[in-house]
Amino acid sequence: MVDRPVGRTRAAVVGTGLIGGSLLLGLRAAGLDVAGWDPDPVTRAQAREQGATSPDRLDDAVADRDVVFLCGPLPTLPETLLRVAALTGDGCVLTDVGSTKAELAGFADGHGLAHRFVPGHPMAGTDRAGLASAVPGLFETAAWVLCPTGPGLPAFRWLAGLLLAAFRSRVVPMSATGHDAVVALSSHVPHLLAGALAGAAHRAELGDAVLALAAGSFRDGTRVAGSPPQRTANMLLGNREQVLRQLDAVRAYLDELAGAVRADDPAGLVGLYRGAATARTGLDGRTLRAAARDFPLRGTGDAELAYLLALGADGGHLSGCRVADGRVTYTAHLPTAVL
């Protein structure tokens, strides 16, 4: 895999909408030689107007690059992965930013790309779209999931180091299937709930009055309903089984809440909301402790991979990844309850 300082890394971003555009601008701000490409000529022109390199041909954008970020719509990623892999050298690390991981990871493995493709998902974004909405600092301190595999450990180590240095993101190693199960509840089902709440208001007989009196709870609860509909549909259908499974869990809890209301049961409601408040408070109230682990670069890598996957599953993240003297050293942060 690539072995050069971050400032000398040559990167490419394929698909320069909100996420890809933010990557393009952020990598450039970090001092990297980066080129962006988008199938839309208007978007390529917009990138050039912002001072970014954006060739008209994909071949020119990805040629001789050390890493390529694939940022197009989810349904396009398998074909784009194969196309970019054919245009780049075997030492070029490939990654994506899609909101589902298992399907593409399996596709890459089936096409012999697991050694250099690292599935990724930065947990950042807005309800806007397009390069005009791109923000160079969008990924700073954000959780960025990477899915390491045995064959792809060298690529994972290098990419993790790049993201930590360029964006100061919190790298979260997880299995592809584990990622899809977690984001179904943390990200995808909330889009369903937001759509249902906003959609009910849209259909309500007194819909205008609802909007006139909408307070913070309605605004917060419906924010992602304003996301581009096609992007949301791609996300939900790309993780359909996990979304439906987690939706059943949410529906069960909602049924308990509704049952307590029907039964005029204040104690039941209070108990259920206390449980909910514990999770909500945990968003900002988790206490983490740092711990370092190192592993030899030679060998099977089984212990290293098991450590990384357990770290993400336990709610931890990486803030450091250093390869030197035949070893890799990780700086991890784990909830104190796990340590």
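This chain uses plain numbering: 1 for the first residue, then up along the sequence.
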- If you measure from NE2 on His188 to CZ on Arg240, what distance do you get to the nearest 0.5 Å?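 Rounded to the nearest 0.5 Å, the NE2-CZ separation comes out at 14.5 Å.
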For the atom pair CG (Asp38) and OG (Ser54), what is the distance rounded to the nearest 0.5 Å?
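With rounding to 0.5 Å, CG (Asp38) is 7.5 Å from OG (Ser54).
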**Report entry** Passing candidate, side-chain contact (heavy atoms from CB on, under 4.5 Å) with Arg10, options Val34, Asp66, Val62
**Finding:**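 With Arg10 as partner, Val34, Asp66, Val62 yield a single side-chain contact (heavy atoms from CB on, under 4.5 Å), made by Asp66.
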Can a salt bridge be assigned to the pair Asp248 and Arg245 using a cut-off of 4.0 Å between side-chain N and carboxylate O?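 Result for this pair is no, no salt bridge flagged.
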Can you name the closest pair of heavy atoms from [X] and [Y] and give their distance?
{"X": "Leu288", "Y": "Pro335", "result": "CD2-N, 3.3 Å"}
{"X": "Ala166", "Y": "Leu27", "result": "CB-CD2, 4.4 Å"}
{"X": "Pro39", "Y": "Pro41", "result": "O-CD, 3.4 Å"}
{"X": "Ala108", "Y": "Leu81", "result": "CB-CD2, 3.8 Å"}

Original post:
Ile19 and Val67: same hydrophobic cluster, using ILVMFWY side-chain contacts below 4.5 Å?
Top reply: yes
**Prompt:** Would you find more than 12 non-hydrogen atoms of other residues, nucleotides or ligands less than 6.0 Å from Asp40 atom CG?
**Reply:**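 Yes, because the 6.0 Å sphere around CG of Asp40 holds more than 12 heavy atoms from other groups.
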Does atom CD of Glu103 have more than 12 heavy-atom neighbours from other groups under 6.0 Å away?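 Result for CD/Glu103: open.
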Aromatic rings Phe167 and Phe139: how do their planes relate, parallel, tilted or perpendicular, breaks at 30° and 60°?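 Rings of Phe167 and Phe139: perpendicular, as their planes differ by over 60°.
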Members sharing Leu25's hydrophobic cluster, built from side-chain contacts under 4.5 Å between Ile, Leu, Val, Met, Phe, Trp and Tyr, are none
Option among Asn239, Asp180, Asp96 that satisfies the side-chain hydrogen bond (donor to acceptor under 3.5 Å, both in side chains) test with Lys101: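 Output: one option passes, namely Asp96.
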